[in-house]
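Reading through the C-alpha cells given below for one structure.
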Amino acid sequence: MSVRVRFAPSPTGYLHIGSARTALFNYLYARHTGGKFLLRIEDTDLARSTEESTRSILDGLAWLELNHDEEIVFQSNNADKHRATAKKLLAEGKAYRDFTPKAEPNDANVKDTIKDRARANQGEKNMRDNPFRDISAEESNARAAAGEPFAIRLKVPDVRTGSDSDWASPSGKTSFQDQVYGLQERDHAETEDLVLLRSDGHPLYNLAVVCDDIEMAITHVIRGQDHLTNTHKQVLIYEALGITPPTFAHLPLIMAPNKGKLSKRKHGEVVSMTTYRDAGFLAAAFRNFLALLGWSASEEQEIYSLDELVQKFSLEGIHRSNAVFNFTENDPRKWTDDKAQWMNAEYIRTRPLDELIPFIKPEMKAGKLWREEYEDDDKAWFENTINLIRQRFFTLKDFSKQGRAYFSEDFDFDPAAIEKNLSKFPDLKIWLPELADRFEVEFADKPYTEENIESVVKAFTEEKGTKLGVVMNGARTLLTGVAVGPSMLSVFEIIGLERTLLRLRSGLAWAK
RNA sequence: GUCCGGUUCGUCUAGGGGUUAGGACACCGCCCUUUCACGGCGGCAACACGGGUUCAAAUCCCGUACCGGAUACCA
C-alpha cells in the first residue's frame with residue numbers, strides 16, 4: 001500500500017516552529033517513500049480558528065517549499081460525517097448519551113483547572129462511573145426525544161466487569177507499535193469515556209481526526225508526542241469502528257531554552273516561521289536546520305540539500321528526547337538559535353550563485369536597488385559583486401543593508417566606522433581627495449585592477465609617510481559606509497573608477 | 001496525584017559492553033590581513049545519581065532524582 005501522510009494544523013495562529021518541523025518530517029517521509037503528503041486544516045474549533053491563521057500557515061509551508069499533494073481538506077466541512085459516525089456508534093451501543101449538564105469552561109486557566117481536578121482525584125477516579133453509561137436504551141431515547149441536551153461519549157470497555165468489550169481488544173488495554181517510541185500500552189482504566197460529540201452537536205477532535213484519517217486513507221500518522229495519549233483514545237475509536245489504525249510515529253518536542261514550553265505567548269516572534277522569512281533566512285537553510293532538530297542520519301554531516309534529506313530520511317533516525325531551540329532573549333546577536341544563524345550564513349556564502357540570486361533579487365527590489373541590467377549587460381559585474389560581498393553576510397537582508405553602497409549612491413555611513421577610520425586621522429580629509437586625483441591621472445591609460453590599484457595606493461601612502469591601513473580603511477569608509485568588508489583592493493575594483501573618484505572627493509562622511 | 005516518555009560538552013548530536021567518548025554551533029586563543037563578522041589551525045567542554053550483571057558498563061537490568069508530555073463537551 002502506498003504511503004499517505006498528512007500535516008494537520010489547527011489554524012489558531014501562525015506556523016509554529018514545532019509544527020513546521022512536523023510538516024517537514026511528514027513531507028520528507030512522503031517523498032522518501034514515494035507517497036503522498038496531504039494537508040488538512042483542523043478548524044473544528046470555530047471560536048479559535050481564523051482564516052488569517054490558515055493563510056499564515058499556508059504561507060509558511062509555501063515558504064519552506066513543502067508542497068502538498070491533492071486538495072486541502074478543511075475538517076469543518078466534514079462535520080456531518082463526524083456526527084453520523086458518532087450516531088452510528090451510539091446505535092451500536094459502543095457509545096452512549098451523557099445528559100450531565102455541560103460544565104462552564106473556566107477558560108482563564110483551563111490547563112490549571114484540569115490539572116487540579118486530576119490531582120484531586122489522586123488517581124483513584126473510576127473512569128467508568130458516569131451515571132448515564134448504563135441507562136437503558138429506552139430511557140436514553142426517551143430523554144433525547146424530550147429534547148434534553150446530551151453529549152455522546154465513547155463507551156470504553158470496563159475492565160472490572162469485562163462488559164462492553166466485544167469490540168475492543170480483549171487485553172483490557174490499547175496498544176500500538178509507535179515507530180519512534182516503541183510499543184505503547186495503556187490500560188482502559190486510564191482512559192476516560194471520551195466525548196465524541198458535544199451537546200451542541202459539535203464533533204470533537206479525536207472523533208474528527210479518526211474519521212478524516214480514515215476518509216483520507218492515511219497510512220502513517222506522524223505528529224508531536226503531545227498526542228501520545230490521544231493516540232490511545234483514537235485507537236479505541238478505530239476499534240469501535242472495526243477499522244485497522246494507521247501506523248503511528250510520534251515526534252519529540254521542541255522546547256524553549258529553559259526546557260519549558262516554547263510558546264507564542266511567552267517567546268513571541270522567534271517561534272514563527274514568517275519571522276525567519278522576513279529576517280532574510282533562506283528556506284533551504286532553515287529547513288536544513290529544522291531537519292536536524294530531533295532527527296539525524298547518524299553521520300558527521302550538517303549541510304543537506306532537500307534531495308539528500310528526502311533520500312536519507314527515515315523514522316528510525318528520529319530521537320526520543322526533546323530538543324532545545326536555543327536563543328537568548330534581549331541579546332540581539334542571539335535572538336534565535338546560533339546554529340540556525342550559522343546554517344543560513346553558510347548557505348548564503350556557499351550556495352551556487354544561480355541558486356541564490358533569485359532570492360537576492362526580491363530583497364534588492366524591496367530596497368530599491370534592483371536594476372534590470374543585472375540580468376543582461378551588467379550580469380557579470382553583478383555576480384562578481386554578490387560573490388565578493390556575500391562572504392561576510394549572514395542573511396538576505398545584508399544585501400540591501402550593508403551591501404547598499406555597491407548598488408546605489410544612497411547609502412548611510414556607520415558612525416562607528418567614521419570614528420574609527422576617519423575622525424582619528426584628520427589628514428585623510430585632504431589625502432583622500434588627493435588620492436582621487438592620483439587615481440584619475442594614473443588610470444587614464446591603465447586598467448583599474450587590483451594589482452595596479454595596489455601599487456598606486458602603496459606609492460601614495462609612502463609619499464605621505466603613513467601606513468597603508470590608514471588610507472585603505474579611510475577609503476573603505478568613504479566608499480562603502482561601513483568598517484567591514486572584503487579586501488579593499490577588490491572593493492575599489494568592483495566599485496569602479498568613476499564611483500571611487502566621486503566618493504573619495506565627496507566628503508559626505510565628514511558632513512555627517 | 002496518576003499514566004506515558006526522556007536524560008552524552010552551554011546547545012544540536014554520533015556512539016550503544018573494551019573508544020584518547022567523535023562532529024557541528026557557540027565561546028576562547030593563534031595565524032592570515034589594510035579593517036572584519038570570511039578562511040586556516042588549536043583550545044575549553046559531556047555520558048544525571050545509586051545499586052546490580054560482567055574480566056570489563058556511558059552502553060544491559062533495577063531503583064532514585066530531575067525534566068517533559070498527557071490527564072477538557074480545546075486542538
Side-chain angles (χ1 to χ4, degrees), chain A residues 8-10 12 42-45 47-49 75 98 100-103 105 107 110-111 113-115 117-125 149-153 181-182 184-187 189-192 194-200 202 204-206 208-209 224-230 232 250 252-253 255 257 259-261 289 292-303 319-327 334 337-343 345 349 390-394 398 402 417 420-421 457 461 467-477 482-489:
Chain A
S10 55
T12 54
E42 308 216 317
D43 56 350
T44 61
D45 186 345
R48 290 196 298 158
S49 300
Q75 192 158 60
D98 179 2
T100 311
K102 187 183 175 193
D107 52 2
V110 226
K111 278 269 197 218
T113 313
I114 306 286
K115 197 173 182 174
R117 191 201 306 165
R119 206 197 313 272
N121 290 330
Q122 304 262 4
E124 299 293 309
K125 184 175 161 56
F150 59 86
I152 295 182
R153 287 183 183 272
Y181 289 93
Q184 297 293 305
E185 295 185 303
R186 189 174 171 91
D187 249 42
E190 300 289 343
T191 303
E192 61 166 351
L194 59 141
V195 172
L196 267 15
L197 215 59
R198 260 199 242 160
S199 50
D200 61 3
H202 210 85
L204 252 28
Y205 176 73
N206 285 302
V209 166
Q225 61 107 303
D226 49 335
H227 285 291
L228 232 20
T229 47
N230 278 331
H232 285 99
H250 289 86
L253 271 17
M255 315 304 287
K259 297 190 195 296
K261 199 173 167 150
F289 168 75
L292 265 18
L293 218 46
W295 172 82
S296 100
S298 296
E299 57 186 5
E300 289 179 0
Q301 182 178 336
E302 305 287 334
I303 304 296
H319 309 147
R320 277 157 282 269
S321 52
N322 296 338
V324 168
F325 183 59
N326 201 17
F327 59 94
K334 308 244 178 200
D337 198 289
D338 281 326
K339 204 152 189 173
Q341 297 201 63
W342 168 78
M343 192 80 77
R349 294 193 287 255
R390 69 171 172 159
Q391 292 311 324
R392 280 169 179 79
F393 284 0
F394 284 77
D398 292 335
Q402 292 183 55
K420 181 182 170 199
N421 294 333
V457 177
T461 52
K467 284 196 284 188
L468 188 63
V470 172
V471 172
M472 286 294 203
N473 289 323
R476 176 188 300 282
T477 306
V482 293
V484 303
S487 155
M488 198 48 212
L489 295 170

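In this text the structure is predicted, and so the values were computed from the model without any measurement. Just so you know, these numbers use all the heavy atoms, side chains as well, and skip hydrogens, waters and symmetry mates.
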Distance below 4.0 Å between [X] side-chain N/O and [N] OP1 or OP2:
{"X": "A:His232", "N": "B:rA70", "answer": "no"}
{"X": "A:Thr44", "N": "B:rA75", "answer": "yes"}
{"X": "A:Arg186", "N": "B:rU71", "answer": "no"}
{"X": "A:Ser296", "N": "B:rA14", "answer": "yes"}

What I want to check is whether an N or O donor and acceptor connect the side chain of [X] with the base of [N] at under 3.5 Å.
{"X": "A:Arg390", "N": "B:rC38", "result": "no"}
{"X": "A:Ser199", "N": "B:rC73", "result": "yes"}
{"X": "A:Thr191", "N": "B:rU71", "result": "no"}
{"X": "A:Asn230", "N": "B:rA75", "result": "yes"}
{"X": "A:Lys259", "N": "B:rC67", "result": "no"}

Inset, instruction - State which of B:rG6, B:rA75, B:rC38 makes the closest approach to the side chain of A:Asp45. - result: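 The answer is B:rA75, which lies nearest to the side chain.
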Inset, instruction - With the side chain of A:Asn326 defined as its heavy atoms from C-beta on, choose the nearest nucleotide among B:rU11, B:rC25, B:rU34. - result: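 That would be B:rU11.
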Legend entry - Whole-Å distance separating the NZ atom of A:Lys334 from the P atom of B:rA37: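 Between P of B:rA37 and NZ of A:Lys334: 14 Å.
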Tell me what [X] touches on the nucleic acid: a base, only sugar-phosphate, or nothing, going by heavy atoms under 4.0 Å.
{"X": "A:His227", "answer": "base"}
{"X": "A:Ile114", "answer": "base"}
{"X": "A:Tyr181", "answer": "sugar-phosphate"}

